[in-house]
Amino acid sequence: MRRRSLLIAVPAGLVTLAACGDEDSGSSKASDSASPQTSSPSAAPSPKIVDGPLPAITAGTKFGEKPTVAKGSGEPSKDLAVKTVIAGNGQTIAENDYLAADYLGQIWDTAKVFDNSYDRKAPIVLQLAQGTIIDGWRYALAGKKAGSRVQMAVPPAYGYGDEGSPQGGIKGTDTLVFVVDVKDVFNGKSSVKGKEVAQDDAALPEVGTNTDGAAPSIEVPDTAAPKKLVANYVLEGDGPEVAAQDTVLVQYKGVVWDGGKEFDSTYSRKQLASFSLQQVVKGWSQGLTGKKVGSRVLIVVPPDLGYGDNPPQGSGIEKDSTLVFSVDILAKM
């Protein structure tokens, strides 16, 4: 049982520990159609991976362009057909990593497109893990690199199974064809790469600016804690701004102002966390709203926007503590 995050807040405003297991508090669904996230834990054995057959990509052939894919010809393979159409040179995807990707999915027999992210102009961000993604994606994308375009033909056993996906018009006998552009990969060694911003207020903590995936230092000054929320860029990214209702994928570290003792960290767990900003303590939701993806943010949370007089039991946080966080905003989910 891994250490649980301390950030989830209950609706009444009190704070409780997140449920044991994945910190994901419910990634936003890509659409009402069948996305690759729609899955349940599978008992299917590992597939045999073959290189075809796969229908031709007839237009939108460059990485990042919405592809047009021909209808499947003849019978699809009973195995998982995978082809790297464009080989990237970025980070290699491993099981349990998160990835940001654009994709198009269609049915082999009819070429009917049942979902794509290109029209939404927002890549999907998901974890390559059993139970969170269809097995066809898990096996086809493991070992591929960011910057790659991957095409796959997924038989029902590694897609949506015998039940199919009614909302996507997918029958239990349908083989599915996907084209996936892997834009980025994130894991417990990830850091943002934003532009360094001067930290020139001696009354505030100073956060390390390293981007090597190691936990940044947090040096708390020997002064009184601020009474109001502080949310300042340490490294400023150039991604989209985070909205109040968004779910974010983050690396973070939290220390108590008095004494600087660490009480929570994704770095020590070696595992990223994802949170809806509607479900975290108010200091986080207010502090991260409006900040850009790709940024490292210093957040100083006064007691009334944190845990107040009811800190989580066993957290090591005293009542009415001011908390200091370094947060790397890796992606919006």
Side-chain angles (χ1 to χ4, degrees), residues 22 24-39 57 59-69 82 84-106 113-129 132-134 136-138 140-152 154 168 176-187 190-194 237-243 245-251 272-277 288 291-295 328-333:
D22 190 4
D24 192 340
S25 57
S27 303
S28 58
K29 295 186 182 301
S31 70
D32 291 333
S33 55
S35 88
Q37 284 179 294
T38 309
S39 179
I57 300 174
T61 57
K62 295 180 180 179
F63 182 88
E65 291 182 341
K66 180 183 176 181
T68 300
V69 184
V82 182
T84 301
V85 180
I86 299 171
N89 58 7
Q91 183 174 328
T92 301
I93 307 169
E95 181 81 0
N96 295 318
D97 284 355
Y98 288 81
L99 59 93
D102 275 318
Y103 69 96
L104 178 140
Q106 68 183 46
V113 175
F114 56 83
D115 195 20
N116 88 90
S117 67
Y118 299 92
D119 289 345
R120 292 190 293 271
K121 302 188 184 304
I124 192 171
V125 178
L126 44 72
Q127 189 177 24
L128 202 74
T132 66
I133 190 173
I134 60 173
W137 274 50
R138 281 182 60 218
L141 296 179
K144 305 302 184 186
K145 293 185 176 183
S148 295
R149 167 167 283 192
V150 180
Q151 185 180 16
M152 65 186 88
V154 180
L176 309 177
V177 178
F178 289 96
V179 176
V180 182
D181 287 337
V182 182
K183 304 187 78 170
D184 214 340
V185 179
F186 309 101
N187 58 31
S190 295
S191 289
V192 297
K193 308 292 184 183
D238 58 4
E241 291 186 357
V242 174
Q245 72 276 10
D246 282 338
T247 293
V248 290
L249 180 68
V250 298
Q251 285 266 43
L272 303 179
S274 60
F275 298 108
S276 165
L277 292 190
L288 292 182
K291 294 296 190 286
K292 299 174 186 175
V293 172
S295 299
D328 278 20
I329 312 171
L330 299 173
K332 294 201 298 184
M333 302 289 286

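Fair warning: this is a prediction, and the values are worked out from it, not measured in the lab.
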Please evaluate residues L249 and S274 with respect to the criterion side-chain contact (heavy atoms from CB on, under 4.5 Å), reporting the C-alpha separation (whole Å), side-chain torsions for both, the decisive distance (0.1 Å), and the verdict. CA-CA 4 Å; L249 180 68; S274 60; 4.2 Å; yes
Could you name each residue pair satisfying side chain to side chain donor-acceptor pair (under 3.5 Å) that touches residues 85-94, not counting sequence neighbours? none
Could you check if a side-chain atom of [X] sits within less than 4.5 angstrom of a side-chain atom of [Y], using non-hydrogen atoms only?
X    : Y    : answer
M333 : V248 : no
D246 : S276 : no
Q151 : V177 : yes
W137 : M152 : yes
F178 : I134 : yes
L277 : L288 : yes

Could you walk me through whether T247 and K332 pass the side chain to side chain donor-acceptor pair (under 3.5 Å) check? CA-CA 6 Å; T247 293; K332 294 201 298 184; over 6 Å; no
Residues that K183 engages under side-chain contact (heavy atoms from CB on, under 4.5 Å), provided they are two or more places apart: F63, D102, P123
Testing the basics here: between [X] and [Y], what is the closest heavy-atom pair and its distance to 0.1 Å?
X    : Y    : value
A146 : V185 : CB-CG2, 4.0 Å
G88  : S148 : N-OG, 2.8 Å
A100 : F186 : CB-CE1, 4.2 Å
I133 : R138 : CG2-CG, 3.2 Å

Who pairs with D238 by salt bridge (charged side-chain N to carboxylate O under 4.0 Å, His left out), at least two apart in sequence or on another chain? none
Salt bridge or not between E241 and K291? Use side-chain N to carboxylate O under 4.0 Å. no
Taking NZ, NE, NH1 and NH2 as the nitrogens, is one of them in R120 or D115 under 4.0 Å from a carboxylate oxygen of the other? yes
Would you sort out whether N96 and L128 count as a side-chain contact (heavy atoms from CB on, under 4.5 Å), showing the intermediate values? CA-CA 5 Å; N96 295 318; L128 202 74; over 6 Å; no
Under a 3.5 Å threshold, yes or no: a donor from one side chain and an acceptor from the other, between D184 and Y98? no
Please determine whether side-chain contact (heavy atoms from CB on, under 4.5 Å) holds for the pair Y103 and N116, giving the CA-CA distance in whole Å, both sets of side-chain angles, and the decisive distance to 0.1 Å. CA-CA 5 Å; Y103 69 96; N116 88 90; 5.7 Å; no
Between V250 and D328, does a side-chain contact (heavy atoms from CB on, under 4.5 Å) hold up when you go through it step by step? CA-CA 5 Å; V250 298; D328 278 20; 5.9 Å; no
